[in-house]
Amino acid sequence: MPRILIVEDEEAMLIGLRDNLEFEGYEVDTANRGDDGFKKLQSGSYDLVLLDVMLPGMSGFDVCKKTRAEDNDTPIILLTARGEELDKVLGLELGADDYVTKPFSLRELLARIKVILRRTANVKQDDSPQRVTIGQLQVSFDDFEALHNDEPVKMSYKEFEILHYLYRHAGRIVSRDDILDQVWGMDYQPTARTVDNFIVRLRNKIDTEDSQHIVTVHGIGYKLVL
Ligand code: CA
């Protein structure tokens with residue numbers, strides 16, 4: 001799983017980001033000072049850094065500049081404050097890959113993280129994503145990509161998660177509750193009906209007229225047949 005370093009001095013923001021990224025399956029490391037974050041970047045290997053601009057010890061800009069000066073090209077997303085328009089330009093000039101402006105939506109941040117990770121994964125040729133065939137789709141769970149006849153198929157993050165869970169348990173029955181716990185977690189519980197709706201959408205993408213891969217097990221849940 002990709003490793004992400006978060007450098008942020010606001011504790012609530014740091015914890016919120018860490019928990020959400022861990023929930024998404026990322027491995028997370030944190031620092032709450034700029035100089036500490038820079039040291040971690042020098043010694044550790046990360047796939048991406050979320051870097052606040054206003055930090056004690058060393059500013060996010062300086063962390064960015066010094067990191068690039070050391071030929072370290074770890075992708076950096078700057079967390080800038082609202083109204084600091086100049087920061088964005090300066091940040092990108094200093095070598096940041098992207099920025100989000102606080103307050104940002106988690107969904108937007110996650111999307112940007114995925115775009116950058118996918119871009120870097122494509123650059124590393126030796127690290128090409130593993131594809132599996134499910135029905136009429138070729139799916140890469142590592143980079144959230146689904147193809148049908150080499151054409152990309154739009155799938156939401158939740159659809160990938162549900163399909164991944166079914167895939168890991170292929171040939172076995174999984175209950176709706178299992179899917180709810182695994183994909184949505186315990187805190188936020190949509191209804192079993194929500195799962196059914198997602199399954200319908202997945203079936204439309206996976207199944208063909210003469211082959212059904214997601215089988216309904218009445219009264220219990222579903223089974224993926226490869
Ligand atoms: Ca700050």
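All residue numbers refer to positions in the sequence shown, counting from 1. All ligand and atom numbering here is 1-based and tracks the order in the structure. What you see is a predicted model; the values in this text were computed from it and never measured.
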| said: Once you measure the plane-to-plane angle for F160 and F144, does it fall in the parallel (<30°), tilted (30-60°) or perpendicular (>60°) bin? | reply: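 Perpendicular.
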| task | Please state whether the rings of F141 and H164 are parallel, tilted or perpendicular, taking 30° and 60° as the class boundaries. | result |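 The rings of F141 and H164 lie parallel, inter-plane angle below 30°.
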| Is the distance from the Ca ion (ligand 1) to the nearest N/O/S atom of M54 under 3.0 Å? |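 It does: M54 brings an N, O or S atom closer than 3.0 Å to the Ca ion (ligand 1).
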| query | Do any of the N, O or S atoms of E10 sit under 3.0 Å from the Ca ion (ligand 1)? | reply |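 For E10, the answer is no, given that no N, O or S atom comes within less than 3.0 Å of the Ca ion (ligand 1).
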| query | Considering only N, O or S atoms, which atom of D9 is nearest to the Ca ion (ligand 1)? | reply |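 In D9, the N, O or S atom with the shortest distance to the Ca ion (ligand 1) is OD1.
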| message | Among the N, O or S atoms of D52, which one sits nearest to the Ca ion (ligand 1)? | response |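 Within D52, restricted to N, O or S, the Ca ion (ligand 1) is closest to atom OD2.
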| Joint cluster assignment, L147 & L137, ILVMFWY side-chain distance < 4.5 Å |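 Each belongs to a different hydrophobic cluster.
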| K205 bridged to E159 by N-O distance under 4.0 Å |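 Between E159 and K205 there is a salt bridge, with a charged N closer than 4.0 Å to a carboxylate O.
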